[in-house]
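Encoded as structure tokens, the structure appears first; notes follow it.
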Amino acid sequence: AGSLAAALASSSIAFRLAGDVITADTLLARARNVYAWGEANPNSNTNTRRMTNGTPVTIASYPVRSASWAPRMIHAAAWLHRAEIAAATP
């Protein structure tokens, strides 16, 4: 989610600089939604396997955040911040 939010936010800046404000605003809104989803679902990358009865279980016995979750979300937050500044600047 972090990488996608960062890509959407940076694309928003590019479209805004090109003069396409409507697309820029749409991309920024989607970036916000993806980032919010990533914040709410930090364990979405947890690996799973199937037991013999077909019930999915996590490989780890407790939920663990992906090692790359925090850096990716920080990267996304930085791009969202830049995109928000670009949107607020006339």
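No experiment lies behind these values; they were computed from the predicted model shown.
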Taken to the nearest 0.5 Å, the spacing of Ser3 OG from Trp79 CH2 works out to 13.0 Å

Output for pair (Arg82 CZ, Ser12 OG), nearest 0.5 Å, gives 12.0 Å

Notebook entry, point to check: Any chance CD1 of Ile85 has more than 12 other-residue heavy atoms, nucleotides or ligands included, within less than 6.0 Å?
Noted result: yes

For this session: Check whether any side-chain heavy atom of Tyr35 sits under 4.5 Å from a side-chain heavy atom of Arg32, and report yes or no.
Result: no

Apart from Leu27 itself, members of its ILVMFWY cluster (side-chain separation under 4.5 Å) are Leu4, Leu8, Phe15, Val34

task = Sort out for me which residue in Ile22, Thr23, Val21 forms a side chain to side chain contact (heavy atoms under 4.5 Å, CB included) with Asp25.
result =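 For Asp25, the side chain to side chain contact (heavy atoms under 4.5 Å, CB included) check succeeds only for Val21.
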
Minimum-distance pair of heavy atoms, taken over all atoms of [X] and [Y]:
X    : Y     : value
Ala9 : Ala83 : O-CB, 3.7 Å
Ala1 : Gly38 : CB-CA, 3.6 Å
Ala7 : Ser10 : O-OG, 3.1 Å

Review point. Is Leu17 linked to Leu28 within one hydrophobic cluster, defined over Ile, Leu, Val, Met, Phe, Trp and Tyr using a side-chain heavy-atom separation of less than 4.5 Å?
Key: no

